[in-house]
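Since the model is a prediction, treat every value here as computed from it, not as a measurement. Indexing begins at 1, ligand by ligand and atom by atom, following the structure's order.
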Amino acid sequence: MAHSKALLVLENFIGGRFVPCSSYIDSYNPSTGDVYCRVPDSGKEEVEAAVNAAKEAFPIWSSKSPLERSQILNKLADLIEHDLEAFAQAESKDQGKTITFARTVDIPRAVHNFRFFASSILHHVTECTEMPAMGCVHYTSRAPVGVAGLISPWNLPLYLLTWKIAPAIACGNTVVAKPSEMTSVTAWMMCKLLEKAGLPPGVVNVVFGVGAKAGEALVCHPDVPLISFTGSTLTAQRITEKSAPHCKRLSLELGGKNPAIVFDDADLSQCIPTTVRSSFANQGEICLCTSRIFVQRGIYSEFLKRFVAEAKKWKTGNPSDPTINVGALISKEHLEKVRNYVKKAQAEGARILCGEGVDPLALPPGNQKGYFMLPTVIAEVKDESCCMQEEIFGPVTCVVAFDTEEEVIKRANGVKYGLAATVWSGNVGRVHRVAHGLQSGLVWTNCWLVRDLNLPFGGMKASGIGREGAKDSYEFFTEVKTITIKH
Ligand code: ADP
């Protein structure tokens with residue numbers, strides 16, 4: 001393909017050095033549709049080199065004290081924060097997300113991930129029990145596992161990659177990371193800061209490329225005993241299969257089909273703007289986004305009217321414009337897939353209340369070929385419809401009515417996923433009952449996306465296996481040993 005402008009060319013980061021690759025793939029700017037970057041098309045050979053570098057660095061890194069590792073993580077956080085604006089611009093351009101979201105959510109959270117695990121690693125204690133009658137004490141000791149394989153997706157590129165790298169290296173592991181081939185730039189920028197932060201060569205290695213080639217080579221590598229993956233359920237199934245012969249330890253953070261349940265005593269002045277945000281933030285490309293809204297029948301029409309009016313206030317357009325709320329979707333194929341869901345809903349007799357196919361989408365001249373779509377609200381859709389069952393991962397949300405508490409718990413649980421749910425009600429007893437009844441790894445009541453990183457994050461059912469968080473990540477990224485001493 002002919003490229004008019006000079007392209008950004010990324011290189012793998014192996015053993016503390018940038019290494020060119022023998023072949024490359026194109027990466028698109030989703031807001032213009034232009035190729036602007038070339039990403040290494042790594043395979044077995046590159047993964048082998050990265051794993052070797054990580055193995056070589058392991059004895060040095062794992063023998064450092066938690067305090068020494070903590071200081072390096074904090075330094076890295078400072079360096080990313082110093083370049084926050086450059087990282088935010090790059091993330092917005094590479095992913096299509098708004099510059100505002102990148103500035104206020106993605107990059108600050110990446111910084112916080114390093115600071116959080118730099119601190120939490122200093123506060124873990126292991127267990128000890130005594131058996132006086134036997135003259136024994138037992139205690140547990142925890143040690144890093146080895147080379148961790150980290151595979152991350154394209155929706156929150158640096159945010160989710162650092163959510164894995166930070167705990168992995170804080171615990172003393174070395175890593176080989178494989179970011180999404182569609183959003184590799186900020187990971188590459190971070191590699192430029194590692195040496196300055198004081199990280200020894202080989203502790204963090206980043207291999208760029210596609211999932212089926214680079215990702216699978218990492219999953220199948222016999223010297224990578226642990227894989228932390230965030231992405232689709234389908235890919236997780238493949239990773240599980242491919243890692244089974246090696247009995248690898250897996251942490252799988254997958255998709256969601258997250259319900260919001262709005263009872264008739266909900267404070268709609270809080271609920272409506274938050275539920276619009278939970279449906280459309282980051283173009284709906286967050287695994288925690290709401291995509292099924294159950295509203296109690298008595299307030300259903302009022303809710304719909306106010307919800308649609310609020311959704312229409314969200315402006316779609318050039319992501320680098322700070323007044324824009326909805327940027328571009330990740331790719332042309334993904335945009336097509338999301339649009340098709342709306343078409344299917346329409347064919348099934350659902351009503352499209354705003355957005356796709358209903359309202360005009362006006363884009364600036366430079367963004368005409370970008371992958372944009374308006375926030376879309378669908379009503380009168382059946383629970384069995386694919387729009388109510390499958391993860392759409394775009395700016396599309398369905399609103400349906402319900403009558404009773406018992407009924408709504410059953411319907412909210414009636415999907416294969418179980419990641420996050422929100423419950424809106426002023427009745428404390430009801431909020432507890434519903435939260436307990438939901439099959440969901442996270443339940444937010446009267447809020448959304450308020451996270452305490454100390455606590456477990458992860459999903460049930462097809463939304464994942466394992467949890468991550470201060471204690472959970474520590475347990476995942478370390479191997480425990482029980483030692484008994486007789487005196
Ligand atoms: P999506 O379907 O939303 O693009 P994926 O699950 O395909 O999400 O991608 C998440 C991450 O998993 C990306 O880094 C991708 O390259 C990687 N990946 C995809 N397929 C595989 C695979 N077979 N083995 C390992 N990693 C993979």
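Protein heavy atom in closest approach to atom 4 (O) of ligand 1: Trp154 NE1, 2.9 Å. Looking at atom 23 (N) of ligand 1, its nearest protein heavy atom turns out to be Glu216 OE1, 2.8 Å. For atom 5 (P) of ligand 1, the nearest non-hydrogen atom of the protein is Thr235 OG1, 3.5 Å.
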Q.
Using the rule given for side-chain hydrogen bond (donor to acceptor under 3.5 Å, both in side chains), can you reason through Asn29 versus Lys93, listing the C-alpha separation, both sets of side-chain angles and the distance that settles it, and then say yes or no?
A. CA-CA 6 Å; Asn29 174 340; Lys93 185 170 183 181; over 6 Å; no
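Taking a cut-off of under 4.0 Å to the non-hydrogen atoms of Ile151, the atoms of ligand 1 that pass are 11 (C), 12 (O), 14 (O), 17 (C), 25 (C), 26 (N). Of all atoms in ligand 1, listed by their number and element, those nearer than 4.0 Å to a heavy atom of Lys178 are 13 (C), 14 (O), 15 (C), 16 (O). Atoms of ligand 1 found under 4.0 Å from any heavy atom of Phe229, numbered from 1 in the order shown, are 6 (O), 10 (C), 11 (C), 12 (O). Within ligand 1, the atoms closer than 4.0 Å to a non-hydrogen atom of Pro179 are 14 (O), numbered from 1 in the order shown. Near Arg238, with a cut-off below 4.0 Å to any heavy atom, the atoms of ligand 1 are 23 (N).
Within a 6.0 Å sphere centred on CD of Glu45, other residues, nucleotides and ligands contribute 12 heavy atoms or fewer.
Between Asp34 and Lys369, no side-chain nitrogen of the basic residue sits less than 4.0 Å from a carboxylate oxygen of the acidic one, so the salt-bridge criterion is not met. The existence of a salt bridge linking Lys178 and Glu46 is excluded, since no basic side-chain nitrogen approaches an acidic carboxylate oxygen closer than 4.0 Å. A salt bridge does not link Lys97 to Glu91: none of the charged nitrogens lies less than 4.0 Å from a carboxylate oxygen.
Considering backbone and side-chain N/O of Glu181, one or more are found under 3.5 Å from N/O of ligand 1.
Distance check on atom 26 (N) of ligand 1: some protein heavy atom falls below the 4.0 Å cut-off.
For Phe116 and Trp163, the ring centers are positioned 6.0 Å apart or more.
The heavy atom nearest to atom 14 (O) of ligand 1, out of those in Gly211, Ser152, Gly231, is found in Ser152.
Between Ile465 and Phe229, every side-chain heavy-atom pair lies at or beyond the 4.5 Å cut-off.
Figure legend: Lys192 and Trp188 shown as a cation-pi pair, the cationic atom lying under 6.0 angstrom from the six-membered ring centre and within 45 degrees of its axis.
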